[in-house]
Amino acid sequence: MKDLNQAVDLITRDIGLDQHEIDQRKAFLELGETDIDLLQRIHKLLQDDKEGFSDAFYQHLVEFPEMRTLLPDAETMARLRAAQSAYFDRLTAGDYGQDYIRNRLKVGVVHQRIGLEPKWYIGAYRKYLSELLPILWRMLADQPETFLAAYDAALKVVSFDMGLALDTYAQAAQQEVVQHRNYLQQVISGMPAGLIVVNDTGDIRSMNDMMRKMLDISEEYLNHPRPLNELIESATLAESVAQVRATGKPCDRVIVTLKRECAGTRHFELSIRPTVLGRENLLLLIAQDVTFQLEATRKLQESEEQFRLTFNQAAVGIAHANTDGEFIRINRKLCEITGYTEAELLHRDFWSITHPDDVARDTTLFNRLAKGEISEYSREKRYIHKQGHAVWANVTVSSMRDALGRQRFIGLVEDISRRKEAEEELRRLVNHDALTGLPNRLLLEDRLGQAIAHAHRAGKLVAVMFIDLDRFKNINDSLGHDAGDEVIVEIASRIANSLREADTVARQGGDEFVVVLPDMAQEEDAAIVAQKILQSLFQPMVVSGQELFPTGSIGISLYPRDGQDAQTLLKHADAAMYRAKAEGRNDYQFYAGSMGTNAMDSLKLEGALRRALERNEFLLHYQPQVDIRSGAVVGVEALLRWQPQGKEMVSPADFIPIAEETGLIVPIGEWVLATACAQHKAWRDAGLPPIRIGVNLSARQFQRQDLAKRVARLLEEMDCTPDCLALEITESDVMQNPEAAVEILRQLHAMGMHLAIDDFGTGYSSLSYLKRFPIDCLKIDRSFVRDITSDADDAMIVNSVIALAHSMKLSVIAEGVETAQQLDFLSDHGCDQMQGYYFSKPVPADQIAKLLQAVKPETGHVAAA
Ligand SMILES: Nc1nc2c(ncn2[C@@H]2O[C@H](COP(=O)(O)O[C@H]3[C@@H](O)[C@H](n4cnc5c(=O)[nH]c(N)nc54)O[C@@H]3COP(=O)(O)O)[C@@H](O)[C@H]2O)c(=O)[nH]1
């Protein structure tokens, strides 16, 4: 109602319906007081005909379907008839003031709003006047003048009402148009898109605020006609506009790029629609600023491209998989790692290429990830390469959601095969000896531990053998380390080939090997294996052009008899090996409790050795050297002995190597030289026959540049001449640096010293050097003498050495002669002298004195001891 009143107010204002206007309208219609009097007269007369009049009117209305739709039911009909009847009543009532006029305007607005067209309105007034005419005539037939005046008055008031109704219609319609236009303008200016209307000639007819803002132009710009192509210079747009004009069909997605001073480069997407206004053909251009979208799309494409490149060129394999583990996307690296093509992998799931042993753990982790219990997992696992081999990879899998919210898994796969191989190699290196490839001590102890545990359960024996090559140092020193390595490799192979598969041979370091024989039934089996090993070692081997006959010494300990654990068994086998060495090498020894552990722990030994000189714990024993032809004692070899206070005597075989290592051999060696000189003088002073004392020189002593001077000074100090002593230098020591050796030997020889090469045959000396060494004697090593009567090779070697020495005008002493047969052999083959247990073990000096006293002055012969 408020709205209706407002509409009436507006119409009143718009048509200027003030009192002046009303008066003017009435004046123009000549509607005056007389008319009003007349109308009031007929008003009274018409009271009886009101209802019939109204009925007739409605009967006429309902004959038209358009009217019937406005009168849908009886109730509406009754209400409208009552309103119509009241209107007819007021029409003649004579009050046509503001209230009446306002009421007429309201009715006009309502009718206009319900769409009742003016024709029905006019028709209704016509009907009213036609119906009124006979009624008036019937009432005023006797007063024709009054009838005509009354009917004329009715005609005036109906015309007054019709004028109001038609003005209301027009104004209401105009208001509606204005409202619509306002509404349209609001919609257009509020549009988030720009709008340009272009006329037939290509000029801009209008544009909305948004478009002005988008194009950055002022309102004044459009005060004059502006061509579209001046505002937007774009060939694409011009083409599209021409196309729309030609086809009459809209054109969408026309992209136009403009450079604006303030806003930089902007991109617009235009839709062009043809439309007609009156006779004018117009174009509507609807524009969206798509700069941001295009930029975003470009960036998205860039980042997609970057992602694609990164994904494909990544140094690690990358896979996207669904919840069934099926591959959705994979990169090139993953194909490389697994050997499958992209197409092949896209038809697989990752279970199918996982190593069977890794599937269970993968499944557990994958399920936990899928349930959200963990956000990612990393593990080292194996894939099965297309070629069938395992490939180690470090895999990190995490869960994510794709754009559609589906759960996906992303896996990073790093090929760690090389690292695994390196680790494996490292493990192998840690557990194996690099030179021979044999297990090292670490692995050995592990195997020995297992063997002990097994033997414990099965009630069996385990044998541990400590094998040390005899005089390996000589090979290294004289032929060089490469030759030494060659020998070690060959020895390793010989030992390994002498064993069963279940046995273990390990390299302990240097020339030491350890063999573990598990599951042994009896001690004798170990002895059989030891013999087999010794036989395999003593086969000829050519290294650096030299034929070698390697030998070794083997110590054996047995579980459980000699120890319950690996350490003890190894220690005891080591002690037994030392005993084998001391007993003459190239043999084996079982451990016996009395052996102790290699006499003394080497550290303790070193400490004790350092104090041995001060404590005067050293002494010399002497072993006679006998001329084979005459049987005369022609010399003795001084052999060092160590008697630590309160302890057993320590063998030189045990302490000389330590004295060599620590350098203690130098002062000790000087003590030996001095003591031997003193002894020589003592025997001389005692009137005993003069014999030469052989003294062993160690490598360290021999390497000293001032050796000759020191010996000379000592001889002088001890009141001895050079012919008192024979200096014995081992073959391997002189061959360490033959050139230097030649020089030192020359100096000593020049002094008149007797020089002997000790342990000859074990040091592989070169004949050319041998010739240059100013020596007097070769001492054949006792390892060759031992089997001289049973081994053709040894016999041949000894024979050759004798022949060689004699060809060089050297005398020969055979060491280690223990039997008459050996002596006979040596005698038969022209050996000059002998030394060995057959005649005498090394003995204290007083026994030598007795021996020399027993010499028959006429022959110089002594009986064998
Ligand atoms: N640098 C020095 N080395 C020395 C000195 N004194 C000894 N040694 C070296 O110690 C090694 C062991 O010596 P040893 O235990 O004294 O053994 C010697 C003899 O007892 C032994 N021999 C002699 N005859 C026999 C025999 O018939 N059978 C048998 N089984 N053994 C026997 O041989 C050793 C002498 O060897 P060699 O010196 O090579 O002639 C030993 O290498 C000594 O050299 C020293 O003062 N300085």
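Just follow the structure's listing: the first ligand is 1, and inside any ligand the first atom is 1. The first residue in the sequence is number 1, and the count goes up from there.
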With backbone taken as N, CA, C and O and side chain as the heavy atoms from C-beta onward, which portion of Glu815 lies under 4.0 Å from ligand 1: side chain, backbone, both, or neither?
side chain
Just let me know how Ile656 lines up against ligand 1, side chain, backbone, both or neither, with a heavy-atom cut-off below 4.0 Å.
side chain
Please determine if Arg710 and Glu670 form a salt bridge, counting it only when a charged side-chain N lies under 4.0 Å from a carboxylate O.
yes
Examine Ser651 against ligand 1 and note whether any of their N/O atoms are separated by less than 3.5 Å.
no
Could you establish whether Gly816 and ligand 1 come within less than 4.0 Å of each other, counting only heavy atoms on the residue side?
yes
The one among Val695, Ile665, Asn696 that brings a heavy atom closest to atom 47 (N) of ligand 1:
Asn696
Quick note on ligand 1: atoms under 4.0 Å from a heavy atom of Glu637 include exactly 37 (P), 38 (O), 40 (O)
Give the atom numbers and elements of ligand 1 that come within less than 4.0 Å of a heavy atom of Arg641.
14 (P), 16 (O), 20 (O)
What I want to find out is whether Glu523 reaches Arg561 closely enough, with some N-O distance under 4.0 Å, to be called a salt bridge.
yes
Report yes if some N/O of Val672 lies less than 3.5 Å from some N/O of ligand 1; otherwise report no.
no
Grab the two heavy atoms, one from Val489 and one from Thr436, that are nearest each other, plus how far apart they are.
CA-CG2, 4.2 Å
At less than 4.0 angstrom from any non-hydrogen atom of Gln623, what atoms of ligand 1 do you find?
23 (C), 24 (N), 25 (C)
Hey, which atoms in ligand 1 end up nearer than 4.0 Å to a heavy atom of Asp759?
39 (O)
Between the CG atom in Asp781 and the CD1 atom in Ile757, the distance rounded to the nearest 0.5 Å is 13.0 Å
Using the six-membered ring wherever Trp is involved, compare the ring planes of Phe549 and Phe538 and label them parallel, tilted or perpendicular (cut-offs 30° and 60°).
tilted
Do Asp758 and ligand 1 have an N or O pair less than 3.5 Å apart?
yes
Give yes if a backbone or side-chain nitrogen or oxygen of Gln835 is under 3.5 Å from a nitrogen or oxygen of ligand 1, and no if not.
no
Using a 4.0 Å heavy-atom threshold (strictly under), name the region of Arg782 that reaches ligand 1: side chain, backbone, both or neither.
side chain
State the atoms of ligand 1, each with its element, that fall below the 4.0 Å cut-off from a heavy-atom position in Gly836.
24 (N), 27 (O)
At a 4.0 Å threshold, what atoms of ligand 1 neighbour a non-hydrogen atom of Pro842?
20 (O)
Looking at Tyr578, I'd like to know if the NZ or CZ of Lys581 sits under 6.0 Å from its six-membered ring centre while staying within 45 degrees of the ring's axis.
no
What about Tyr837: any of its N or O atoms under 3.5 Å from an N or O on ligand 1?
yes
Side-chain atoms of residues 799-807: list all donor-acceptor pairs with protein atoms under 3.5 Å, sequence neighbours left out, distances to 0.1 Å.
unit_1	atom_1	unit_2	atom_2	d
Ser800	OG	Met796	O	2.7
His806	NE2	Asp832	OD1	3.4
His806	NE2	Asp832	OD2	3.0
Ser807	OG	Leu804	O	2.5

For Glu731 and Lys779, run salt bridge (Lys or Arg N to Asp or Glu O under 4.0 Å): C-alpha distance rounded to whole Å, both residues' side-chain angles, the deciding distance at 0.1 Å, then the answer.
CA-CA 9 Å; Glu731 185 187 8; Lys779 292 186 80 179; over 6 Å; no
With a cut-off of 6.0 Å (strictly less than), are more than 12 heavy atoms of other residues, nucleotides or ligands near CD of Gln705?
no
Of all heavy-atom pairs linking Arg700 and Arg704, the shortest is O-CG, 3.4 Å
